[in-house]
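By convention in this document, chain letters (A, B, ...) are assigned in the order of the sequence lines, proteins followed by strands, and residues within each chain are numbered from 1. None of these values were measured; they are calculated from a predicted model.
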Amino acid sequence: MHSDQRAPIALKIAAGAGLLFLHLPILLIFVYAFTTEERSYQWPPPGLTTKWLAVTWNRPDIWEALALSVKVASISTLIALLLGTLCAAAVSRSKFFGREAISLMVILPIALPGIVTGIALRSAFNLADIPFSTWTIILGHATFCVVVVYNNAVARFRRSSASLIEASMDLGADGFQTLRYVVLPNIATALLAGGMLAFALSFDEVIVTTFTAGQQQTLPIWMLEELVRPRQRPVTNVVAMVVVLVTFLPILGAFYLTRDGDQIAGSGK
Amino acid sequence: MNGSDAAILPGRPGLLRRLADTLWRHPHLLLLLMLAPPVLWLGVIYLGSLFALLVQSFFSIDEFSGLINYEFTLKTYRELLIPANLDIIVRTVSMAAAVTLAAVVVAFPIAFYAARYARGKWKAAFYLGIMLPLWSSYLVKIYAWKLVLAREGILNWLFAKLHLTWLLEAYLSLPLIGGNSLSVSYTGTFLVFLYVWLPFMILPLQAALERVPGNLLEASADLGGSPRQTFRHVILPLALPGIIAGSIFTFSLTLGDYIIPQIIGSSRLFIGQAVYSHQGTAGNIPLAAAFAVVPIVIMGCYLWLAKRAGAFDAL
């Protein structure tokens with residue numbers, strides 16, 4: 001649906017106000033990261049300073065939390081890439097009994113409230129006597145990251161044509177060569193985009209993590225403790241700003257990678 | 001395939017190539033190999049955990065020893081029905097409904113503009129304008145609202161500058177939606193929920209609106225429909241699957257959240273907080289499990305109704 005008419009002014013205002021509502025609070029964080037006020041959230045800031053950047057840089061606990069978050073997100077993303085791609089390939093290339101059930105099962109971890117996933121994993125670890133470790137966090141994260149990779153890969157598989165694979169086989173390539181030289185290059189950008197989003201999702205996750213982390217601190221858990229009991233407001237402000245900046249990059253990257261998705265070889269029909 | 005064996009090249013040497021050939025000749029084996037890892041992972045870890053949760057909700061806790069009594073009973077579910085717990089459920093469901101309705105109202109103009117009028121660069125800008133808030137950190141978004149709603153924060157400052165503090169105070173003195181300040185009132189909780197889940201409503205709504213053919217609107221106008229009538233009788237029914245798809249997210253996410261009401265809101269509990277506190281300090285895992293079953297059941301009914309309304313085509 002598209003119109004060449006000009007939009008009514010009321011619609012423009014409503015849409016613009018909605019977008020402002022979405023963006024202004026985040027922009028506010030950038031101002032607060034430089035405030036000189038330490039004890040309250042005073043607005044307007046009484047003065048501006050960059051000293052909190054240095055203070056935050058020298059905090060070992062934040063570096064540790066960041067390292068754990070990156071580790072968890074990397075491993076979860078790798079697992080999700082493998083499982084999500086396999087599942088997408090199976091679901092999009094063939095019809096079989098239970099296909100609908102499988103796509104429902106992939107979506108379920110993200111369709112059900114996070115707290116359900118969290119407490120379900122927690123009670124399963126309890127029943128099975130599994131102690132909390134980095135791996136229990138990864139187990140939970142990989143489970144809901146699969147769906148992001150799956151969605152991206154399924155969309156790409158649907159658009160790329162099966163005759164490419166047949167052509168490769170006709171030219172004498174075996175299955176692994178076809179995978180290496182035809183299938184993977186075709187889906188590479190979709191996987192990269194899915195992987196980036198999975199990384200962002202895992203890096204940011206807190207609800208499931210609170211149930212599976214035990215005593216460990218990922219960066220979101222560190223943030224959460226600061227939110228519940230603010231003790232070091234300036235440092236939290238800086239961490240919040242850095243997190244915003246860092247999550248923007250994979251999203252912009254994923255956007256540019258999937259934007260030209262229509263120009264894939266073999267998509268023309 | 002089997003009938004023309006002669007046309008197939010002789011088997012190639014090398015273990016890997018033989019494997020490749022075998023897989024090509026037995027597509028079912030390949031399918032099985034592809035499906036096994038994801039199905040095992042999700043089936044064992046995820047569905048297994050959900051099952052463990054369900055089982056625990058049928059256990060009960062011994063009031064005197066505080067230990068879990070591993071016997072099948074419906075006692076824990078009966079405990080859900082005492083007024084205090086029923087209040088929590090009603091409160092959470094009403095909040096989820098209010099957030100969903102408000103999200104539709106706020107999301108509609110954005111989705112409509114993006115689908116019908118935005119072009120080229122503006123289209124990309126709208127897309128990123130929705131995706132960036134969607135994907136930026138959940139906790140940072142809540143934190144931003146803590147800054148906005150704080151007593152010494154920007155919102156109170158704005159009201160004071162506009163000489164409207166009296167209006168804010170009159171609003172806060174209202175029963176139910178008011179409170180001591182915005183950050184400890186239901187209004188605050190509501191605003192943050194709305195903010196955090198809004199992009200989840202915009203995206204499916206926009207997808208549904210993109211699919212409305214423009215000539216339908218022209219036809220409606222040609223037949224004498226006023227813009228209001230066109231909206232009511234043409235656009236809204238066609239956008240409904242998108243609205244339902246979006247409401248699945250806003251509803252489900254609000255039902256299961258325990259962090260937003262904990263940080264911004266009154267001290268009255270939501271389902272998520274009840275689950276969290278029962279499994280944590282109280283150690284009453286059966287009751288926590290039973291509480292967690294409530295959103296599953298509500299979402300199950302919701303999804304079933306949504307499927308009947310054809311909402312899944314808009315995802």
Side-chain angles (χ1 to χ4, degrees), chain A residues 1-3 7 11-12 14-15 18-19 21-23 25-26 28-29 32 40-43 82-83 86-87 89-90 94 96 102 105-106 108-109 111-116 119-124 127 139 143 146 174-176 200 204 206-207 220 223-224 227-228 240 243-244 247-248 251 255, chain B residues 16-17 20 23-24 31 34-35 37-39 41-42 45-46 48-50 52-53 56 106 109-110 113 115-117 128-129 131-133 135-140 143-145 147-148 150 152-154 157 198 209-210 212-214 252 255-256 258 263 272 275 279 285 288-289 292 295-296 299:
Chain A
M1 170 171 93
H2 189 261
S3 157
L11 178 65
K12 269 189 182 168
L19 282 184
F21 173 67
L22 278 177
H23 287 271
I26 296 182
L28 204 61
I29 294 217
Y32 271 97
S40 75
Y41 300 121
Q42 190 193 345
W43 181 270
L82 183 70
L83 298 178
L86 283 175
C87 200
S94 34
F96 52 89
I102 285 178
M105 188 169 84
V106 173
L108 209 56
L112 284 181
I115 194 154
V116 174
I119 186 149
L121 287 170
R122 169 80 160 239
S123 58
L127 283 184
L139 220 56
T143 305
V146 171
D174 66 28
F176 292 110
D204 183 38
V206 65
I207 292 194
M223 276 285 303
L224 180 63
L227 274 172
V228 179
V243 168
V244 169
T247 42
F248 272 19
I251 298 152
F255 171 68
Chain B
L16 213 57
R17 298 206 129 191
L23 288 180
W24 178 249
L31 184 69
M34 285 199 294
L35 273 179
V39 168
W41 180 286
L42 288 171
I45 295 179
Y46 191 67
S49 305
L50 278 185
L53 177 74
Q56 300 236 19
V106 180
I110 303 177
Y113 191 93
R116 189 160 160 75
Y117 296 104
L128 278 180
M131 286 313 259
L132 286 180
W135 283 96
S136 42
S137 166
Y138 163 80
L139 284 172
V140 168
Y143 187 65
W145 275 92
L147 300 177
V148 171
E152 67 278 13
I154 189 168
W157 172 82
L198 185 60
L209 285 172
E210 302 257 11
V212 177
S252 156
L255 278 187
Y258 76 93
I263 290 168
V275 173
Q279 64 88 32
I285 289 191
I296 300 183
M299 282 321 293

I'd like to know which of B:S137, B:A52, B:S136, B:A150 tops the heavy-atom pair count under 4.5 Å against chain A. B:S137
Is chain B contacted by the side chain of A:F21, its backbone, both, or neither, given a heavy-atom distance below 4.5 Å? both
Heavy-atom pair count under 4.5 Å with chain B, highest-scoring of A:A15, A:C87, A:A124: A:A15
By a 4.5 Å heavy-atom criterion (distance strictly below it), what part of B:P295 contacts chain A: side chain, backbone, both, or neither? side chain
Top contributor to chain B contacts, counting heavy-atom pairs under 4.5 Å, from A:L19, A:L112, A:I29, A:L86: A:L86
So what's closer than 4.5 Å to chain B heavy atoms on A:I207: side chain, backbone, both or neither? both
Select, from B:V275, B:V106, B:L23, B:L31, the one with the greatest count of heavy-atom pairs under 4.5 Å involving chain A. B:L31
Taking B:Y138's backbone N and O only, do any of them form a donor-acceptor pair with A:D204's side chain (distance below 3.5 Å, no angle check)? yes
Compare all side-chain heavy atoms of B:I263 with those of A:L224 and state whether any distance is below 4.5 angstrom. yes
Options B:V148, B:L35, B:L147, ranked by heavy-atom pairs under 4.5 Å with chain A, top entry: B:L147
Which of the residues A:L127, A:L82, A:V244 is involved in the greatest number of heavy-atom pairs with chain B at under 4.5 angstrom? A:L127
Could you check if a side-chain atom of B:V39 sits within less than 4.5 angstrom of a side-chain atom of A:I102, using non-hydrogen atoms only? yes
So which of A:Q42, A:M105, A:M223 has the biggest tally of heavy-atom pairs under 4.5 Å with chain B? A:M105
A:H23 side chain to B:G129 main-chain N or O, any donor-acceptor pair under 3.5 Å? yes
Does any non-hydrogen side-chain atom of A:L227 lie less than 4.5 Å from one of B:L139? yes
I'd like to know which of B:L50, B:I285, B:L255 tops the heavy-atom pair count under 4.5 Å against chain A. B:L50
Do you know the tightest heavy-atom contact between B:S252 and A:P113? O-CG, 3.6 Å
Minimum heavy-atom distance between B:W135 and A:A200, given as atom pair plus value: CE3-CB, 4.3 Å
One option among A:I26, A:I115, A:V116, A:V228 has the most heavy-atom pairs under 4.5 Å with chain B, and it is A:I115
Tell me, for A:L108 versus chain B, whether the close heavy atoms (under 4.5 Å) come from the side chain, the backbone, both or neither. both
Within the structure provided, determine whether A:L139 and B:W41 are in side-chain contact (heavy-atom separation under 4.5 Å). yes
Is B:E152 reaching over with its side chain to a backbone N or O of A:Y41, donor-acceptor style, under 3.5 angstrom? yes
